[in-house]
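Below is one structure; the comments refer to it alone.
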Amino acid sequence: MPFTLAPRYDDNPRLEDLVGRLRAYLTDELLPYERAHGITPESKLDRPTLEGVWKRSAELGFYGISLPPELGGQGLNFTELCALKEELTASGAALSHSVLGDMGGPLRVGAVLKYATDEQRERYLLPVVRGERACCFSLTEQDAGSDVRRMRTTATPDGDSYVLNGHKVFSSAAPFADFAVVVARMADSEETYSAFLVDLDTPGCRVLDGAVPMSGQQMEGDLVFENCRVPVANLLGEIGQGLRIGIGRITLNRLLHCPSLIGAARRAWDLSVGHAKTRVAFGQPLLALQAIQHKLADMATDLYAARSMVLATAAKADRGENVAVEANMCKLFTAEACFRTADQAVQIHGKDGLTRGHEVEQIFRSLRMFRIVTGTSEIHKNAIVKALV
């Protein structure tokens, strides 16, 4: 079978069926819905719109699909999840982040279910799995990004409550979430961090519009805590487990971000091929120029290399092996390679690629972010060398 950047999964009938049905949903329903309602990646989204996507995705079996069957999912392994995540962003759908539950949904809470009490599971986490509630994670602060231990948000024990004070930034999904998983430093210690389930309508908790990132997506929020009282029953896990809960997800999250980047870069490649075939310059299509052919060849090779790394690492994770080093390598290489692809796509599109609102220009801005988001390229390099040398 000839090589193609749109992968096939003939060796995995279940995955081939899922990918086929997902592509059909995106092409036949979600993208037409977005066009009819003028929804773009930079639209300010409202809760009813998102709930509609959650409900329809759940009806089709996609929402929370990676969760175990007892929680309503299909127990997808990491390799299968990577395949679906690539297809979502390769479609160009602005609401793709809500189909599986990446943004405020089941994929956000799946990793913390094991820390929750029965009451917490019933009140907070399972409603998210069912698409009835949404959550966000609040870890980052203005001066505590990669150096997370610089956080200054504190939790002070006071009778049957903890009192939270501080300011969290870049909390994805905060504008439409019902509650947050908040990591705070215990007030009587410099090195003890705990996690709390905080209802966002709790007195003393305010949700502010967050800074709009260069992608233009309006999905971030700041959480401000001013003597916000959280019941003792809302402590998630044990005292001192906050960083394990908050950043223990990071290794796999770094890996699972990669297929989304690959999908976006694949979309940029598809758009570039289409443009090169139809744009005429000096009496011939751009595709006839060797300089354009070389750019497309470099783009395709970067995407193939990135996908190969990611799928090999996902397969290793599926076997239960430690992939900490490989996950950092995947995120480092994929972020850099996909940005190179987007950069070449802008070059191929010329003026159109520089025009605000053009899809390639938006992809370029989005992919540039991921050389920083969820760990800078430099942080990944530090982690790789520290583990190997």
message: Enumerate the side-chain hydrogen bond (donor to acceptor under 3.5 Å, both in side chains) contacts for residues 74-85, please, sequence neighbours excluded, ordered by first and then second residue.
response: Asn12-Glu80, Arg14-Glu80, Thr79-Asp318, Lys85-Asp102

- request: State plainly whether the residues Arg150 and Glu141 are in salt-bridge range, i.e. N to O under 4.0 Å.
  value: no

task: Starting from the C-alpha separation in whole Å, work towards a yes-or-no answer on side-chain hydrogen bond (donor to acceptor under 3.5 Å, both in side chains) for Ser138 and Ser171.
output: CA-CA 5 Å; Ser138 293; Ser171 293; 2.8 Å; yes

task: Kindly write out the residues that satisfy side chain to side chain contact (heavy atoms under 4.5 Å, CB included) with Thr27, not counting sequence neighbours, or none if the list is empty.
output: none

message: Check Lys55 with Glu51, please: is the shortest side-chain N to carboxylate O separation under 4.0 Å?
response: no

message: Listing request: all salt bridge (charged side-chain N to carboxylate O under 4.0 Å, His left out) pairs with a residue in residues 301-315, at least two apart in sequence or in separate chains.
response: Glu86-Arg307, Asp302-Arg340

field: Whichever hydrophobic residues join Tyr162 through chains of side-chain contacts under 4.5 Å
entry: Leu164, Val182, Met186, Phe196, Val198, Leu200, Val207, Leu223, Phe225, Val230, Val232, Leu235, Ile239

query: Do the charged groups of Asp28 and Arg21 touch, with an N to O distance under 4.0 Å?
result: no

query: Can you pull the salt bridge (charged side-chain N to carboxylate O under 4.0 Å, His left out) pairs that have at least one residue in residues 372-387, sequence neighbours excluded?
result: none

- prompt: Without hydrogens or angle criteria, can the side chains of Asp178 and Tyr124 be said to hold a donor-acceptor pair below 3.5 Å?
  reply: no

message: Under the rule for side-chain hydrogen bond (donor to acceptor under 3.5 Å, both in side chains), what residues qualify as partners of Thr49, not counting sequence neighbours?
response: Asp46

- prompt: What distance do Leu332 atom CG and Ile379 atom CD1 have between them, rounded to the nearest 0.5 Å?
  reply: 12.0 Å

message: Under a 3.5 Å threshold, yes or no: a donor from one side chain and an acceptor from the other, between Ser366 and Gln362?
response: yes

